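To keep things clear, I will list the structure first and then write my remarks on it.
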Number of protein chains: 2
Amino acid sequence: MAPGRLAISEGDPATDLFNVVRGSVKLYKLLPDGRRQVTGFLFPGDFLGIAFNDTYAYSAEAIESVQLCRFPRGKLESLLIELPKLERRLLGEAANELAAAQDQMLLLGRKTAQERVASFIVSLSRKAEKRKKPASPIALPMSRTDIADYLGLTTETVSRTLTQLRQAGLIATNRRNQVEILNSRGLNDLIDGGAGD
Amino acid sequence: MAPGRLAISEGDPATDLFNVVRGSVKLYKLLPDGRRQVTGFLFPGDFLGIAFNDTYAYSAEAIESVQLCRFPRGKLESLLIELPKLERRLLGEAANELAAAQDQMLLLGRKTAQERVASFIVSLSRKAEKRKKPASPIALPMSRTDIADYLGLTTETVSRTLTQLRQAGLIATNRRNQVEILNSRGLNDLIDGGAGD
DNA sequence: CGGATATTTGACGAATCTCAATAGGCGTGG
DNA sequence: CCACGCCTATTGAGATTCGTCAAATATCCG
């Protein structure tokens, strides 16, 4: 699936469940006037479309070229009955998403721009590690606009904040949209106001 | 359980699952320096402690005097095996929480103070309806501080915004922490920038 | 190499926060 | 039943962070 291609659309009937095989995906919700909130980024191994309601709660769009593994909802139902372990697995996935959502609420409601960007970088780094990838440098396949809409900021503020972090010697930015973590300790201190306040 | 009493604490082993029988509960996360994000309010019928991980992701505190129905985790496991329907029910609850969390991310990341407060009032009104209670007037059992920490604002901004909505003729405030919705249409227009922008 | 797009940087303004003071509500005790 | 005191909510004035608008620079790709 090509970059920019829509996988699912908010409000559509939730007919399928997907698993990301390759590439990355962004999830988002829109307001009528175009304001956008990116609610998450998905990477290989993540599930897409965990909606036990009738319709999807958000839209999903490919960032990089993406390969998805599709489970039609109907077959899923019977699969769940055959494989109770799968249901438990999905339940676990949902719980993880829920915990991530709560962290994100804390970020959006109470963190400063600097704390948000630092949190974002560290969070991507940790996710990369979980996928057995190096914790640094980490790729930022999404645009500044996507990051801004994820962090509740503007692209300008994201850009300025990255510059600050770079000037503070905490990170370095590669030309290939990669971020290298130079001072992991310092970055972690920033995340929840432990220092730098 | 008396108001202010802690039901579960962030990071504690997730030993129990609760159902709210009577009263209301707030869920929240804290930053080390005391900043707080309220991630949700629970009312009768809602589940508390849906954490399939080892530990709770947030703390929970009684707002009004609360009565909880407790399911020890161990018994729950066997219950789930006996009653697959319960597991499905929990899955549904988790999905609903997830959808609510995404709405809240949109609110925290992209809505103005006025839109946040209007959204909050309407959302409480809808929840009240689901519990077969009148859609107006609605009780606000939580303090202004709780509301502010839920909406990512300060108590002062919440207070000022309520005053604005009152002066605009959209709501009336009872002395008993109740809000009456005078102009439902107007309030709904505010929620996602449909008008008033 | 050149045009289009994305990112960075700059100057200014606005929404919200902070700090401070006032007013209102509620319980206790006279 | 009313007065006092405490706590919460409201209101006000000024500060600050972040957003807006605009321009410059970098990157991508044909």
Side-chain angles (χ1 to χ4, degrees), chain A residues 2-4 26 31 33-37 63-65 107-120 139-168 171-179 190 193 196-197, chain B residues 2-4 26 31 33-37 63-65 107-118 120-121 139-168 171-179 190 193 196-197:
Chain A
K26 64 185 171 197
L31 287 173
D33 64 3
R35 278 175 288 174
R36 193 178 66 145
Q37 179 65 37
I63 295 175
E64 303 167 292
S65 178
L107 180 149
L108 291 170
R110 289 298 177 221
K111 290 191 181 181
T112 66
Q114 218 178 34
E115 291 164 353
R116 294 182 198 201
V117 173
S119 298
F120 177 64
L140 299 188
M142 66 294 286
S143 70
R144 291 289 184 271
T145 303
D146 290 338
I147 298 175
D149 284 348
Y150 181 59
L151 300 178
L153 301 170
T154 59
T155 60
E156 292 94 330
T157 298
V158 170
S159 187
R160 275 188 257 268
T161 307
L162 283 171
T163 300
Q164 284 171 28
L165 296 180
R166 195 181 322 119
Q167 287 174 349
I171 62 171
T173 52
N174 197 328
R175 263 104 220 98
R176 243 155 225 59
N177 277 326
Q178 287 187 330
V179 171
L190 272 189
D197 268 8
Chain B
K26 64 186 172 198
L31 286 173
D33 63 3
R35 278 176 289 174
R36 193 178 65 144
Q37 179 65 37
I63 295 175
E64 304 166 292
S65 177
L107 180 149
L108 292 170
R110 288 298 179 223
K111 290 191 180 181
T112 66
Q114 218 178 35
E115 291 164 353
R116 294 182 198 201
V117 173
F120 177 64
I121 293 170
L140 299 189
M142 65 294 287
S143 70
R144 291 288 183 272
T145 304
D146 289 340
I147 298 174
D149 285 346
Y150 181 57
L151 299 178
L153 301 170
T154 58
T155 60
E156 292 95 329
T157 298
V158 170
S159 188
R160 276 188 256 269
T161 306
L162 283 172
T163 300
Q164 285 171 26
L165 295 180
R166 196 182 320 119
Q167 288 173 348
I171 62 171
T173 52
N174 197 327
R175 264 105 222 95
R176 243 156 226 60
N177 276 328
Q178 287 186 329
V179 172
L190 272 190
D197 269 9

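All figures in this text were calculated on a predicted structure; none of them were measured in a lab. Proteins get letters first, then strands, A, B, ... in listed order; numbering begins at 1 in each.
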_Residues that Ser119(A) engages under side chain to side chain donor-acceptor pair (under 3.5 Å), provided they are two or more places apart_ = Lys111(A)
*salt bridge (charged side-chain N to carboxylate O under 4.0 Å, His left out) involving Lys26(B) - partner list, sequence neighbours excluded*: Glu61(B), Asp146(B)
*Heavy-atom check, side chain of Asp149(A) versus side chain of Arg110(B), under 4.5 Å*: yes
*Separation of atom CZ in Arg144(A) from atom C1' in dG19(D), rounded to whole Å*: 18 Å
_By side-chain contact (heavy atoms from CB on, under 4.5 Å) - contacts of Ala168(B) (at least two apart)_ = Leu170(B)
*Pairing residues for Thr163(B) by the side chain to side chain donor-acceptor pair (under 3.5 Å) criterion, not counting sequence neighbours*: none
*Residues in ring-ring contact (aromatic ring centres under 6.0 Å, His included) with Tyr150(A), at least two apart?*
Phe41(A), Phe120(A)
*asked:* Can you confirm whether Val179(B) sits close enough to Leu165(B) that some side-chain heavy atom of one is under 4.5 Å from a side-chain heavy atom of the other?
replied: no
*Tell me: CZ of Arg160(A) to C1' of dA22(D), nearest whole Å?*
11 Å
*Rounded to whole angstroms, how far apart are CD1 on Ile147(A) and C1' on dC18(D)?*
17 Å
*For DNA chain D, the residues among residues 148-159 of chain A that have a non-hydrogen atom under 4.0 Å from it*: Gly152(A), Leu153(A), Thr154(A), Glu156(A), Thr157(A)
*asked:* What's the angle between the local helix axes at either end of the helix from dC1(C)-dG30(D) to dG30(C)-dC1(D), using five pairs per end and rounding to 10 degrees?
replied: 40°
Check: protein-nucleotides 24-30 of chain D nitrogen or oxygen pairs below 3.5 Å:
none

*Taking the side chain as C-beta and beyond, is there a heavy-atom pair between Leu108(A) and Gln37(B) under 4.5 Å?*
no
*What are the bounds, 5' to 3', of the part of DNA chain C that sits under 4.0 Å from heavy atoms of chain A?*
dT7(C) to dA11(C)
*Excluding sequence neighbours, so at least two apart, what forms side-chain contact (heavy atoms from CB on, under 4.5 Å) with Asn174(A)?*
Arg176(A), Gln178(A)
*Below 4.5 Å, heavy atoms only, C-beta onward: do Gln164(A) and Val117(A) meet side chain to side chain?*
no
*With sequence neighbours excluded, tell me which residues meet side-chain contact (heavy atoms from CB on, under 4.5 Å) with Thr157(B).*
Ala113(B), Leu153(B), Thr154(B), Thr161(B)
*Leu140(A) vs Met142(A) side-chain heavy atoms within contact, under 4.5 Å*: yes
*Please name all residues satisfying side-chain contact (heavy atoms from CB on, under 4.5 Å) with Ser159(B), sequence neighbours left out, ordered by chain then number.*
none
